[in-house]
Amino acid sequence: MAERTYGRPAAPTYSTVHGANWDSEDLSGHDHSQILFVDLDMTEAFGHGAVFSDCTFRGARFNASAHSDAAFTNCTFVRCSFFDSSFTGCKMVGSMFDGCTYDLMKVDGGDWSFSGLPGADLRGTTFTDVRMREADLTGARLEGATFRRVDLSGSWLRAAELSRCDLRGSDLSSLDPLTVTLKGAVIDLQQAVLLATALGLDVRTD
């Protein structure tokens, strides 16, 4: 398993749920803590305000599920599928992702600070207005992804692949342009000045 941010261990779990079928279930009102979910089917599940804290998901299917104002705090996701899933205003603070797939995943708002996505293949995903402070995106693949107005301050981006990624409005203050691939990335004027300065260029307006 990839190392969690700052080397923190995964939260311990004290009970296990095997093969639960939550297909198309309304998850509103669910509140779970320190549970290991194995092969959970959450396909097309939906809901508002569900809470999962210190849980581990192994082989879970979040395909086409829709979550709003939910919390998955300090959780661990191992070999999970997030195909066409959506997270609106959700908290993923401190959660770790390992060996997961994210095709067409959409994230709108919410807080993913201190989350761990090292090496994640996030091509084709959309993150908008998300807080991702000090998130671990080391070696992540973001070609063609959309990361608009994302707070990436303090995030780990070394060796990230950002080709053709739409980064407009995002905080790139922690990005070292010499350690990432940026070919074809879409940025705004303010970001262009920031990156040029980071490269040691003398930026002038006259």
Side-chain angles (χ1 to χ4, degrees), residues 1-8 62 67-77 80 82 85-201 203:
M1 176 181 291
E3 182 176 296
R4 296 172 69 86
T5 306
Y6 300 118
R8 294 178 296 105
F62 290 81
H67 310 269
S68 63
D69 297 316
F72 295 83
T73 54
N74 201 37
C75 290
T76 301
F77 300 87
C80 296
F82 292 92
S85 59
S86 66
F87 296 87
T88 304
C90 296
K91 290 183 179 180
M92 288 279 188
V93 177
S95 287
M96 178 71 195
F97 300 80
D98 180 53
C100 300
T101 57
Y102 312 91
D103 304 88
L104 303 179
M105 184 176 74
K106 300 176 184 65
V107 180
D108 186 10
D111 193 344
W112 289 51
S113 296
F114 306 103
S115 59
L117 290 152
D121 188 347
L122 298 171
R123 291 176 294 177
T125 62
T126 299
F127 284 72
T128 308
D129 298 308
V130 185
R131 174 179 283 189
M132 297 188 76
R133 293 183 178 180
E134 298 190 50
D136 186 356
L137 291 164
T138 306
R141 299 193 63 181
L142 296 157
E143 301 104 302
T146 297
F147 267 58
R148 296 287 307 274
R149 300 181 300 279
V150 176
D151 183 356
L152 291 167
S153 55
S155 292
W156 305 356
L157 293 161
R158 185 176 182 84
E161 173 58 76
L162 300 171
S163 299
R164 305 184 311 282
C165 183
D166 188 346
L167 295 163
R168 287 175 292 174
S170 294
D171 185 326
L172 303 180
S173 57
S174 62
L175 187 150
D176 181 349
L178 295 176
T179 66
V180 299
T181 303
L182 284 166
K183 185 177 180 179
V186 181
I187 59 176
D188 58 35
L189 182 59
Q190 184 176 356
Q191 291 169 325
V193 172
L194 175 70
L195 294 178
T197 301
L199 288 169
L201 302 180
V203 180

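V150 and F127 get closest at one heavy-atom pair: CG2-O, 3.6 Å. Here the closest heavy-atom approach between residue L117 and residue A140 is recorded as O-CB, 4.0 Å. Shown here for C75 and S95, the closest heavy-atom pair between the two residues is N-OG, 2.9 Å. A160 approaches L137 most closely through the heavy-atom pair CB-O, 3.9 Å.
Salt-bridge check for D111 with K91: failed, with every basic side-chain N at 4.0 Å or more from each acidic carboxylate O.
The aromatic rings of F82 and Y102 lie parallel to each other, with less than 30° between the two planes, well short of the 60° mark.
Shown are D129, D171, V130; of these, the side-chain contact (heavy atoms from CB on, under 4.5 Å) with R149 is made only by D129.
In this structure, Q191 contributes its side chain and S170 its backbone to a donor-acceptor pair below 3.5 Å. Using a distance-only test at 3.5 Å, with no hydrogens or angles considered, a donor-acceptor pair links the side chain of S155 to the main chain of M132.
Aromatic ring centres of F97 and W112: separated by under 6.0 Å.
For T88, there are no side chain to side chain donor-acceptor pair (under 3.5 Å) partners, not counting sequence neighbours. Residues that satisfy the side chain to side chain donor-acceptor pair (under 3.5 Å) test with S153, not counting sequence neighbours, are D151.
Around the CZ atom of R148, the shell of radius 6.0 Å holds more than 12 heavy atoms that belong to other residues, nucleotides or ligands.
Within the structure, side-chain hydrogen bond (donor to acceptor under 3.5 Å, both in side chains) contacts touching residues 174-183 (residues at least two apart or in different chains) do not occur.
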Stepwise, does the salt bridge (charged side-chain N to carboxylate O under 4.0 Å, His left out) test hold for D188 with R168? CA-CA 5 Å; D188 58 35; R168 287 175 292 174; over 6 Å; no
